[in-house]
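Note that the coordinates shown come from a computational prediction; the quantities given were computed from them, not determined experimentally.
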Amino acid sequence: MDLPSQARGFWNSYDYVTTYDVDTTLQNKALQKKMDRLIGEEKLSVNEKNKDYINTELTLTRHFIQYVLHNYDKGYVKRKEMERFIPFNKTKAIELADSLLNKKHKDDKYFEDVNEPYHALKQQLKKYYDIAKNGGWPQIHLSQKKLKKGISSPEIPLIKKHLQLTGDLAGNDTSQLFNNTLELAVKS
C-alpha cells in the first residue's frame with residue numbers, strides 16, 4: 001500500500017508552511033522524521049494495532065487541524081478545502097450520479113436553474129444514468145484494431161446499439177456493416 005495521495009498533498013503543504021513560515025508553532029521534528037520515512041517507503045505495511053501507527057495518525061490529525069486553523073482567517077475555515085486532503089470512501093458511480101441528479105441545495109433550488117452549461121451536463125448525466133439503471137451498454141470487444149466505413153464486423157451491431165441508447169443513432173439498424181448512418185452517429 002502506498003501513502004494516499006491526499007496524505008502526500010497535505011504533507012507537502014504542511015511541510016512548506018513549517019519550512020518557510022516565520023511562525024514555528026506547527027513544527028514537530030519527530031513528526032517530520034516519521035513522515036519523511038513514510039513518504040520515502042515504496043510499500044507501506046499498515047497494522048491498525050500498531051501503537052506507533054495509531055499515534056502517527058492522531059498526531060497528523062491534530063497537526064492537520066492546527067494547519068487549517070493557522071492558514072485560514074479566523075472563523076473562515078472552509079470544510080471543502082479541508083476535505084481534499086482526506087481520503088474518502090469510494091462511491092459507486094451510479095450512487096454518485098443519483099446524488100447529483102436528486103440533491104437540492106440549501107436554498108431549495110437546483111444549481112442548473114441558474115447555470116445553463118451545468119443544466120446541459122446534468123441532462124446528459126440523466127440520460128447515462130437511466131441507461132445504466134436499465135442494464136447499461138453492451139460490452140464491445142474489438143477483434144480488429146480499426147473500423148471504418150464499408151467494413152463489416154460482428155462488433156458493429158453492438159456499437160450501433162450503444163449509439164442508439166445514447167440517442168446518437170436513430171432507428172433499429174442491427175447490420176454488421178459500417179455504413180454512412182453509423183459514420184454520422186459516431187461523429188455526433
Side-chain angles (χ1 to χ4, degrees), residues 1-133 136-137 139-141 162 166:
M1 169 178 130
D2 290 338
L3 197 63
S5 60
Q6 293 89 341
R8 288 178 184 276
F10 164 63
W11 189 253
N12 285 335
S13 297
Y14 180 88
D15 188 42
Y16 180 83
V17 167
T18 58
T19 301
Y20 296 104
D21 199 337
V22 191
D23 184 353
T24 60
T25 57
L26 292 177
Q27 290 181 351
N28 180 319
K29 290 184 182 190
L31 181 61
Q32 181 75 43
K33 282 183 182 180
K34 180 71 154 181
M35 289 304 295
D36 288 344
R37 186 181 62 73
L38 288 173
I39 286 177
E41 287 186 25
E42 287 187 30
K43 292 288 179 197
L44 283 178
S45 176
V46 177
N47 180 348
E48 59 191 36
K49 293 180 182 178
N50 181 332
K51 289 186 186 219
D52 185 47
Y53 174 75
I54 293 169
N55 286 332
T56 302
E57 279 285 320
L58 291 172
T59 303
L60 273 173
T61 302
R62 181 170 55 85
H63 279 266
F64 173 71
I65 293 166
Q66 287 175 328
Y67 168 83
V68 170
L69 293 174
H70 179 267
N71 288 290
Y72 290 95
D73 292 336
K74 189 171 185 169
Y76 196 72
V77 176
K78 294 180 181 177
R79 181 179 53 85
K80 289 290 182 193
E81 285 294 317
M82 287 191 289
E83 287 177 356
R84 70 186 168 108
F85 297 113
I86 300 171
F88 60 90
N89 293 333
K90 290 186 179 180
T91 305
K92 292 180 180 177
I94 196 79
E95 292 170 9
L96 188 56
D98 180 62
S99 71
L100 286 170
L101 290 168
N102 297 309
K103 182 180 178 184
K104 281 190 175 182
H105 296 279
K106 292 177 191 174
D107 61 1
D108 206 29
K109 291 183 180 177
Y110 293 102
F111 188 59
E112 65 269 18
D113 294 336
V114 295
N115 187 308
E116 186 56 38
Y118 183 82
H119 178 71
L121 283 170
K122 197 166 174 182
Q123 285 179 318
Q124 285 300 116
L125 176 63
K126 174 78 170 114
K127 184 189 311 182
Y128 294 138
Y129 174 80
D130 290 342
I131 291 169
K133 290 299 273 185
W137 294 270
Q139 292 292 317
I140 302 170
H141 302 284
H162 179 100
T166 60

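Partners of Glu95 by side-chain contact (heavy atoms from CB on, under 4.5 Å), not counting sequence neighbours, listed by chain and number: Thr91, Lys92. Residues forming a salt bridge (Lys or Arg N to Asp or Glu O under 4.0 Å) with Lys133 (at least two apart in sequence, or on another chain): none. Applying the salt bridge (Lys or Arg N to Asp or Glu O under 4.0 Å) criterion to Asp36, with sequence neighbours excluded, gives no partner residue. Shown here are the side-chain contact (heavy atoms from CB on, under 4.5 Å) partners of Ile131, two or more places apart in sequence or in another chain: Lys127, Tyr128, Trp137, Leu165, Thr166. Partners of Thr56 by side-chain contact (heavy atoms from CB on, under 4.5 Å), not counting sequence neighbours, listed by chain and number: Lys34, Leu38, Asp52, Leu60. The side-chain hydrogen bond (donor to acceptor under 3.5 Å, both in side chains) test applied to Gln139 returns no partner, not counting sequence neighbours.
Here the OG1-CD distance, from Thr61 to Gln66, works out to 11.0 Å after rounding to the nearest 0.5 Å. Interatomic distance, CG of Asp130 versus CG of Leu125, reported as 9.5 Å (0.5 Å rounding).
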Practice item. Kindly determine whether Trp11 and His63 satisfy side chain to side chain contact (heavy atoms under 4.5 Å, CB included), including the steps that lead there. Key: CA-CA 10 Å; Trp11 189 253; His63 279 266; 5.9 Å; no
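A heavy-atom distance below 4.5 Å is not found between the side chains of Arg62 and Leu58.
Remark: the backbone N or O of Leu26 is paired with a side-chain donor or acceptor of Tyr14 at under 3.5 angstrom. A donor-acceptor distance shorter than 3.5 angstrom exists from the side chain of Asn55 to the backbone of Lys51, with no hydrogens or angles considered.
Closest non-hydrogen pair, Thr19 versus Asp15, comes out as OG1-O, 2.7 Å.
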